[in-house]
Amino acid sequence: MKIGLIGFPLSGKTTVFNTLTGLHARVDSFHASGKEANVGLIKVPDRRVEALSAIYEPKKTTYAEISFVDLAGISGASGSGFEANALNLMRQVDAFTFVIRAFPGEEVLHPLGGVDPLRDIRALEEELQLADLIVIEKRQARIEKEGKRGSAEHALLERLTGILESGTPLRETEFSAEELKSLAGFGFLSLKPCLLLLNTGEDNVRGDPAVMVKYTRAIAFCAELERQVAELPAEEQGEFLQALGIAEPAREKFIRAAYDLLKLISFFTVGKDEVKAWTIDRGTEAVKAAGKIHSDIERGFIRAEVVSYEDFIQEPNMTRMKELGQLRLEGKTYPVADGDIINFRFNV
Ligand SMILES: Nc1nc2c(ncn2[C@@H]2O[C@H](COP(=O)(O)OP(=O)(O)OP(=O)(O)O)[C@@H](O)[C@H]2O)c(=O)[nH]1
Ligand SMILES: [Mg+2]
């Protein structure tokens, strides 16, 4: 999963990036040039993977991963929006996180003047919608030039124009699977899921719910403070967060929200060689989940042997699971559930 951090200059994108990845990308008062983006990868902590690894003692343990792209801020003040290079990178991510400045203070200047989270959220949404409208306009002109006005694609794009011009991001519209398929190639920005992240000040380190009620799909934390905590030795972090009244560190809060938002689940493959977590969309069929591992396994799919983690952990022994009837044989269309441990049978 690839997540793009976007927001206004100086909203704290790079600080958030450093907090989440544990990296030390440069933070300074000049926003990164359009050519640059910080890229970082994190392992998704999962107690189930730990437990399975302790049972199998494999040569290799592989956690799910999230990669982050920290993009240059939009230059909303000059009205020029996103730079071409940033746009390219933005089209490639699975989801956005809007980093919204909510921390007060004059030392860091907001390019639009005062600190106003709602204004910033609206402005960001508008930028995404505008970028999509430009793409549609270009495509429509081409279709018309080819004399294909009135084609299914032309009609669909016309509908999108209406949606965008009414100020609605495409992600808030229901599309059929077929429509989504024909839209996939465009990389529409306002269609991508988006998580709001309020970067609160040090005086509101828990991300006061009062600020949050207006927003759905939102989380809040103080990036600067959490970054400092994340740099402490692991054994001291818990104590520190507790003293500050922070129940869950920023990274865990973020990962949970991202999985929720993107409707992602994990399944596991286990063995002496490797215990591995795989991230898939909720509702993915067994045969497609197999394809995640290797296209050969998808092609030659025979069946999936499935046991749920919660059952397995009671008595971690596959033979025993079979005796108890907990090990199920599932076909191609079985919708994989979160926590399934799967062994795919295939033939190529
Ligand atoms: N007080 C306070 N300052 C913060 C917080 N987060 C970021 N800052 C400061 O705000 C400034 C900008 O932070 P960055 O992380 O560089 O912001 P950015 O969005 O990456 O900025 P550009 O890349 O220049 O667009 C830095 O001086 C940070 O130290 C915060 O939670 N509290
Ligand atoms: Mg930055």
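Along the sequence shown, residues carry numbers from 1. Quantities reported herein were computed from a predicted structural model and do not represent experimental measurements. Both backbone and side-chain heavy atoms feed into the values below; hydrogens, waters and symmetry mates do not. Atoms within a ligand are numbered from 1 in the order they appear, just like the ligands themselves.
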Note to self: Going by ring pair (Phe, Tyr, Trp, His ring centres under 6.0 Å), name the pairs with one or both residues in residues 139-198, residues two or more places apart or in two chains.
What the structure shows: Phe186-Phe188

Notebook entry, point to check: Which ligand 1 atoms are under 4.0 Å away from a heavy-atom of Gly12?
Noted result: 7 (C), 13 (O), 14 (P), 15 (O), 17 (O), 18 (P), 19 (O)

Checklist line | Full working for salt bridge (Lys or Arg N to Asp or Glu O under 4.0 Å) between Glu153 and Arg142 | finding: CA-CA 12 Å; Glu153 187 187 0; Arg142 199 183 175 103; over 6 Å; no

Next item on the list: Could you list the atoms of ligand 1 found under 4.0 angstrom from a heavy atom of Cys222?
Entry: 31 (O)

Next item on the list: Any atoms of ligand 1 less than 4.0 Å from a non-hydrogen atom of Ala223? List them with their elements.
Entry: 31 (O)

Note to self: Donor-acceptor check, side chain of Asp132 to backbone of Ser190, threshold 3.5 angstrom: yes or no?
What the structure shows: yes

Notebook entry, point to check: Relative to the heavy atoms of Pro9, which atoms of ligand 1 are at a distance of less than 4.0 Å?
Noted result: 25 (O)

Checklist line | ligand 1 contacted by Ser11 (non-hydrogen, < 4.0 Å) | finding: yes

Check: Taking only residues two or more places apart in sequence or in another chain, which ones pass side-chain hydrogen bond (donor to acceptor under 3.5 Å, both in side chains) with Asp338?
Finding: Arg48

Check: What do we get for Thr200 next to ligand 1 when only non-hydrogen atoms under 4.0 Å count, side chain, backbone, both or neither?
Finding: backbone

Note to self: So for atom CD, which belongs to Glu178, do other residues, nucleotides or ligands contribute more than 12 heavy atoms lying within a distance under 6.0 Å?
What the structure shows: no

Check: Out of Glu224, Arg26, Lys13, whose heavy atom sits nearest atom 30 (C) of ligand 1?
Finding: Glu224

Next item on the list: Please state whether the rings of Tyr56 and Phe312 are parallel, tilted or perpendicular, taking 30° and 60° as the class boundaries.
Entry: parallel

Margin query: Does the plane of the ring in Phe267 sit parallel, tilted or perpendicular to the ring in Phe344? Use 30° and 60° as the thresholds.
Written below: perpendicular

Note to self: Tell me whether the NZ or CZ atom of Arg101 lies within the 45° cone about the ring axis of Phe103 and under 6.0 Å from its centre.
What the structure shows: yes

Margin query: Nearest non-hydrogen contact with atom 28 (C) of ligand 1 belongs to which option: Leu198, Leu225, Thr15?
Written below: Thr15

Notebook entry, point to check: Is the closest heavy atom of Gly105 to ligand 1 under 4.0 Å?
Noted result: no

Notebook entry, point to check: Measuring to the Mg ion (ligand 2), does Thr14 have an N/O/S atom at a distance below 2.8 Å?
Noted result: yes

Next item on the list: Show which atoms of ligand 1 fall inside a sub-4.0 Å distance from at least one heavy-atom site of Thr14.
Entry: 15 (O), 18 (P), 20 (O), 23 (O)

